[in-house]
Participant: 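Pasting a structure here, questions to come.
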Amino acid sequence: MKMSDQLRERVFKAVYNKQEVADFKGNPLIEALPPILSPEEAYEKLSYYPPYDQNEIYLPTHIRYHTIPRINRFFQPVMQHLDLEQRFSRLLRHGYVSRVPQTAEFKKGLIDSRDIRSTASSITLMGFSGIGKTSAIERVLSLYPQVILHEYPLSLIQIVWLKLNCPHDGSLKSLCLDFFLKVDQLLDTNYYEKFGNRRNSISSMITRMGQIARLHCIGAIIIDEIQHLLATRDNNSEKMMNFFVTLVNEIGVPVMMIGTMRAKSVLQQDFRQARRGSGQGDMVWQQMQKDDDWDLLIESLWEYQWLKNRVELTKELNEILYEESQGIIDIAIKLFALAQGRAIETGKEIITPELIKRIAKEDLKLVQPMLKALRTGRLADLERYQDIMPMDIEEYLVMRESKLDLRATIQKKKDIQAQKRQNKNDEGIAIIMKTLTSIGVSADKAEK
């Protein structure tokens, strides 16, 4: 395909790395990938600590509010993240083993892939809402260039990964359209216009998706929010799962599916064929345990304080944060951020165990049933609350900030009114004193 100058600037030009694994040697699609990471290297690359300047605590209140949402970008890897990175690395590379662009088999597969033996497999990742599934996979994907340009001896554009969200209505057609749109955004193509119109049937769209996936050597397709399949009617759930099986077994593209625990029934029943011989296994992420992983995460997070009365992390604060979040990372981070917002709002400028408890009770009401179910361990109750999420930090802080600004504005107006009254009184006194002194009363007596 002809490349525009803007596309050429966006893509990563292939640099081929020597491979140690025999299966990977001589395959430019694998050789162009970044080197395989050790757990130590993965830890360093996955970590993200937003910039922090202690001088920001001296900023005016209304400006300091805008520093707190930075915590949202904080990412501290723990063991399950390193496990995910290694599994995705294997999924991606082994999916390319049967796809070697310079071979006759590959070129034949561009037309008809039914006779090509697929080495692709799949991973399923299930977990509680807010446990960090999406954040984790996005950090893992950031380790890879999304688009690689091969110029010599090949001439092709490789899409390393493509992440799609399962449509809210579980519609296979919507997923196909999203696929065309995402590829167009990456490559400046017009697949959406060509294949996404109403005249094209779903089966026709699926065929086109397969052709595009083979043509652009898509390394892996990640489908997030797979629990939306539960909302489908007319066997759409079964149709979509069959499509994923086709992607893996016939087209040869590895698939990773991510969803809450509500998706368990769909994934375990309908996706079994695609997981056959996977070797990657299913991943189930539940709440963090109160162990070294948790302590490491909270100790790193605790550095991000924008309060004038900075408090050190104590055992009590650590335990309160765990108790009120039940090891759900997203809730723990939000509690920490919201507590700072409330501390600034009240003017106390300090985080206390009592403040964290109050924030959990007052501002995280929606998730209290889920947290209660986690405390009691009643699995039947947990199933009901898998999609409940706490509020957005930024929206909350904007709401609280506006209240704070309004309170300050009202107070300022009251102060001005009081000053006017005082000035008026002073003017009256001055007139009386002037009158008294004009008739011979001394200034001291006149003041009294």
Side-chain angles (χ1 to χ4, degrees), residues 1 95 98-99 105-124 156-159 161-187 189-259 263 265-276 278:
M1 62 178 282
S98 63
R99 292 186 284 170
E105 288 83 358
F106 178 84
K107 292 168 186 173
K108 181 182 178 183
L110 292 177
I111 302 169
D112 186 356
S113 66
R114 285 175 294 181
D115 296 329
I116 304 300
R117 182 179 179 275
S118 171
T119 54
S121 58
S122 63
I123 303 177
T124 58
L156 64 84
I157 297 179
Q158 172 187 3
I159 298 177
W161 55 267
L162 196 67
K163 183 173 178 289
L164 308 173
N165 279 346
C166 185
H168 283 277
D169 58 359
S171 162
L172 186 49
K173 186 172 186 177
S174 297
L175 187 75
C176 293
L177 294 175
D178 191 30
F179 175 90
F180 296 139
L181 194 60
K182 290 282 173 61
V183 173
D184 285 347
Q185 289 169 348
L186 286 175
L187 305 183
T189 47
N190 63 340
Y191 294 130
Y192 185 91
E193 184 181 338
K194 286 169 67 176
F195 308 131
N197 58 52
R198 293 180 179 177
R199 290 173 295 175
N200 288 7
S201 65
I202 292 179
S203 60
S204 171
M205 288 184 185
I206 291 173
T207 301
R208 296 299 186 183
M209 280 180 69
Q211 291 172 344
I212 293 167
R214 290 193 294 269
L215 178 63
H216 297 299
C217 304
I218 296 180
I221 295 178
I222 298 91
I223 315 288
D224 203 353
E225 307 291 357
I226 203 68
Q227 69 275 3
H228 291 159
L229 287 181
L230 294 172
T232 61
R233 299 176 182 175
D234 302 326
N235 291 324
N236 275 350
S237 169
E238 186 177 347
K239 290 177 186 175
M240 191 175 287
M241 299 309 294
N242 287 338
F243 166 63
F244 295 147
V245 171
T246 302
L247 272 179
V248 175
N249 291 343
E250 294 184 22
I251 300 171
V253 179
V255 172
M256 179 174 190
M257 307 187 71
I258 304 173
S265 57
V266 175
L267 292 175
Q268 288 188 337
Q269 291 175 18
D270 299 322
F271 204 40
R272 194 167 294 159
Q273 296 178 65
R275 295 205 307 273
R276 186 179 57 225
S278 160

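It should be emphasised that the depicted structure is a prediction, and the values quoted were computed from it without experimental measurement.
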Participant: Please answer whether the main-chain N or O of Ile218 pairs with a side-chain N or O of Arg99 as donor and acceptor at a distance below 3.5 Å.
Facilitator: yes
Participant: What do you reckon, is CD of Glu193 surrounded by more than 12 foreign heavy atoms closer than 6.0 Å?
Facilitator: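 Result for CD/Glu193: open.
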Participant: So, for Gly219 and Pro254, which heavy atoms are closest and what is the spacing to 0.1 Å?
Facilitator: O-CD, 3.0 Å
Participant: Compare all side-chain heavy atoms of Leu186 with those of Ile157 and state whether any distance is below 4.5 angstrom.
Facilitator: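 Sidechains of Ile157 and Leu186: no contact.
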Participant: Would you confirm whether His228, through its side chain, and Cys166, through its main-chain N or O, come within 3.5 Å as a donor-acceptor pair?
Facilitator: yes
Participant: Which value, rounded to the nearest 0.5 Å, describes the distance between Ile223 atom CD1 and Lys163 atom NZ?
Facilitator: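 Reported to 0.5 Å precision, the distance equals 9.5 Å.
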Participant: About how many Å separate CD1 of Ile202 and OG1 of Thr207, when rounded to the nearest 0.5 Å?
Facilitator: 12.0 Å
Participant: Looking only at atom types and distance, does a side-chain atom of Asp184 sit under 3.5 Å from a main-chain N or O of Tyr192, one as donor and one as acceptor?
Facilitator: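 Such a contact is found between Asp184 side chain and Tyr192 backbone.
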Participant: Any chance you could measure Leu162, atom CG, to Gln185, atom CD, to the nearest 0.5 Å?
Facilitator: 9.5 Å
Participant: Check whether any side-chain heavy atom of Lys194 lies under 4.5 Å from a side-chain heavy atom of Asn200, and answer yes or no.
Facilitator: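 Not in contact.
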Participant: First locate atom CD of Glu225, then atom CE of Met257, and finally report the distance between them rounded to the nearest 0.5 Å.
Facilitator: 12.0 Å
Participant: Report yes if some heavy atom in the side chain of Phe179 is under 4.5 Å from a heavy atom in the side chain of Val183; otherwise report no.
Facilitator: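 Phe179 vs Val183: side chains touch.
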Participant: Please report the interatomic distance OG(Ser171) to CG(Leu177), rounded to the nearest 0.5 Å.
Facilitator: 7.5 Å
Participant: At their closest point, which heavy atom of Asn197 faces which heavy atom of Met205, and how far apart are they?
Facilitator: O-CE, 3.9 Å
Participant: On a heavy-atom basis, which atom in Val253 and which in Ala213 lie closest, and how many Å separate them?
Facilitator: CG2-CB, 3.9 Å
Participant: With a 4.5 Å limit on heavy-atom distance, are the side chains of Phe180 and Arg208 in contact?
Facilitator: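 With C-beta onward as the side chain, the pair touches.
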Participant: As an exercise, state the distance from CG of Asn165 to NZ of Lys182, rounded to the nearest 0.5 Å.
Facilitator: 6.0 Å
